Amino acid sequence: MLTSRIVELLGAQPVFIGNEASLGTEITAVFATDLMSDALAMIQDSPETTLLLTGLCNPQVLRTADMLDLHTIVFVRGKNPVNNLTELADEMNLNLYSTCLTMYEACGVLYSAGIQGIER
Amino acid sequence: MSSILRKDYVVVRDDYAGAGRVSSDVKATLSSIGIPSPILRRIAVACYESEINMLIHAYGGDITLEIGDDGVIHMTFSDPGPGIPDIEKAMTPGWSTASDKAREMGFGAGMGLPNIKRVSDEFDITSSPEGTTIQLSFRVT
Ligand SMILES: Nc1ncnc2c1ncn2[C@@H]1O[C@H](COP(=O)(O)OP(=O)(O)OP(=O)(O)O)[C@@H](O)[C@H]1O
Ligand SMILES: [Mg+2]
């Protein structure tokens with residue numbers, strides 16, 4: 001599923017687009033967590049088609065995405081990162097979105113739309 | 001073995017704002033010399049988890065990146081304490097003594113050390129109250 005469709009399903013707003021090129025790639029899996037070590041331990045393959053959904057909004061989330069070669073992060077519960085994060089996102093070529101849905105709702109919406117969890 | 005590249009970094013005690021800067025530089029450095037993605041990702045993950053541990057559990061420390069002419073990438077993380085009293089426990093997935101501050105940052109799942117071990121080709125850890133040293137190696141070829 002294209003990122004644009006996911007964004008539409010979540011009613012998400014773009015916060016910062018640092019990776020235009022990736023907007024056209026298919027997202028095949030979503031990983032949802034507030035624990036960065038879980039993301040670092042679980043996401044091993046296909047980072048270019050995996051999206052990170054999180055309620056945590058700080059530089060460590062962006063660093064984690066950068067280490068894993070992810071390109072898209074969606075913040076739940078209407079979290080909106082402040083300026084210093086967009087600078088970092090620019091450096092790391094990341095796309096950031098924010099949705100008002102809770103983690104549970106966002107996961108439910110995407111799962112119902114047919115997006116799988118990561119491969120294990 | 002002689003090294004074809006060596007970089008030394010310092011992780012400043014309590015510098016939470018700088019958390020992960022070393023790992024980003026390590027990743028950029030290795031990427032610029034053409035280390036392929038899957039290996040690069042393993043190194044980046046191990047480095048980042050180790051760097052964060054030095055910051056949230058220890059008093060900062062030193063990180064060294066070294067590439068040998070044998071094509072092996074070595075990373076050393078050494079901190080000046082307080083050390084890990086029981087390494088076996090620390091290596092158990094889910095075991096953590098992380099502070100509230102660390103948890104706020106998104107850490108404290110007790111997954112770091114087991115994951116560092118899993119992604120590296122060689123893993124060695126020694127610890128005493130004077131400090132902890134972790135040595136990792138990754139084969140590129
Ligand atoms: N450099 C260190 N100095 C002192 N204690 C450490 C160090 N690294 C790890 N530890 C101890 O080992 C425990 C387990 O570390 P590990 O990295 O596996 O988990 P964590 O850091 O607590 O959480 P996570 O890595 O999942 O965010 C830590 O909670 C801490 O007690
Ligand atoms: Mg850790």
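Source: prediction; values computed, not measured. Order of the sequence lines fixes the chain letters, A, B, ..., with proteins taken first and strands second; residue numbering starts at 1 for each chain. When reading the values below, keep in mind they use all heavy atoms of this one structure, side chains included, and skip hydrogens, waters and symmetry mates.
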Are there over 12 heavy-atom neighbours, none belonging to [X], within less than 6.0 Å of that residue's [atom1]?
X: A:Glu26; atom1: CD; value: yes
X: B:Lys89; atom1: NZ; value: no
X: B:Asp86; atom1: CG; value: yes
X: A:Glu105; atom1: CD; value: yes

In terms of heavy-atom pairs under 4.5 Å, which option from B:Arg42, B:Met111, B:Glu49, B:Glu104 contacts chain A the most?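 Heavy-atom pair counts peak at B:Glu49.
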
Should [X] and [Y] be regarded as members of a common hydrophobic cluster, given that ILVMFWY residues are connected when their side-chain heavy atoms come within less than 4.5 Å of each other, either directly or indirectly?
X: B:Ile43; Y: A:Met36; value: yes
X: B:Leu5; Y: B:Val22; value: yes
X: B:Val72; Y: B:Leu65; value: no
X: B:Ile56; Y: B:Ile87; value: yes

A:Gln44, part contacting chain B, at a heavy-atom distance under 4.5 Å: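 It is both, since atoms from each part get that close.
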
Can you tell me which portion of A:Asn58 sits under 4.5 Å from chain B's heavy atoms? Options are side chain, backbone, both or neither.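 Side chain only.
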
Heavy-atom side-chain proximity of A:Asp69 to B:Lys27 below 4.5 angstrom: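 In contact.
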
Taking C-beta and beyond as the side chain, do A:Gln60 and B:Tyr48 meet within less than 4.5 Å on heavy atoms?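 They are in side-chain contact.
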
Over all atoms of both residues, closest heavy-atom pair of A:Met67 and B:Gly20: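 Answer, listing the atom of A:Met67 first, then B:Gly20: CE-O, 4.3 Å.
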
Taking all atoms of both residues into account, what is the closest heavy-atom pair of B:Arg118 and A:Leu40, and its distance?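 Looking at all heavy atoms of both residues, the shortest contact is NH2-O, 4.4 Å.
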
Once rounded to the nearest 0.5 Å, what's the spacing between atom CG of B:Asn53 and atom OG of A:Ser37?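 Output value for this atom pair is 8.0 Å.
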
Count the heavy-atom pairs under 4.5 Å between each of A:Leu56, A:Asp45, A:Thr33 and chain B, then report the option with the highest count.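 That would be A:Leu56.
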
Among A:Val61, A:Asp38, A:Thr64, which residue forms the greatest number of heavy-atom pairs with chain B at distances under 4.5 Å?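 Going by pairs under 4.5 Å, I would pick A:Thr64.
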
Does a donor on one side chain sit under 3.5 Å from an acceptor on the other, for A:Arg63 and B:Ser24?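 Distance-only check passes for A:Arg63 and B:Ser24.
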
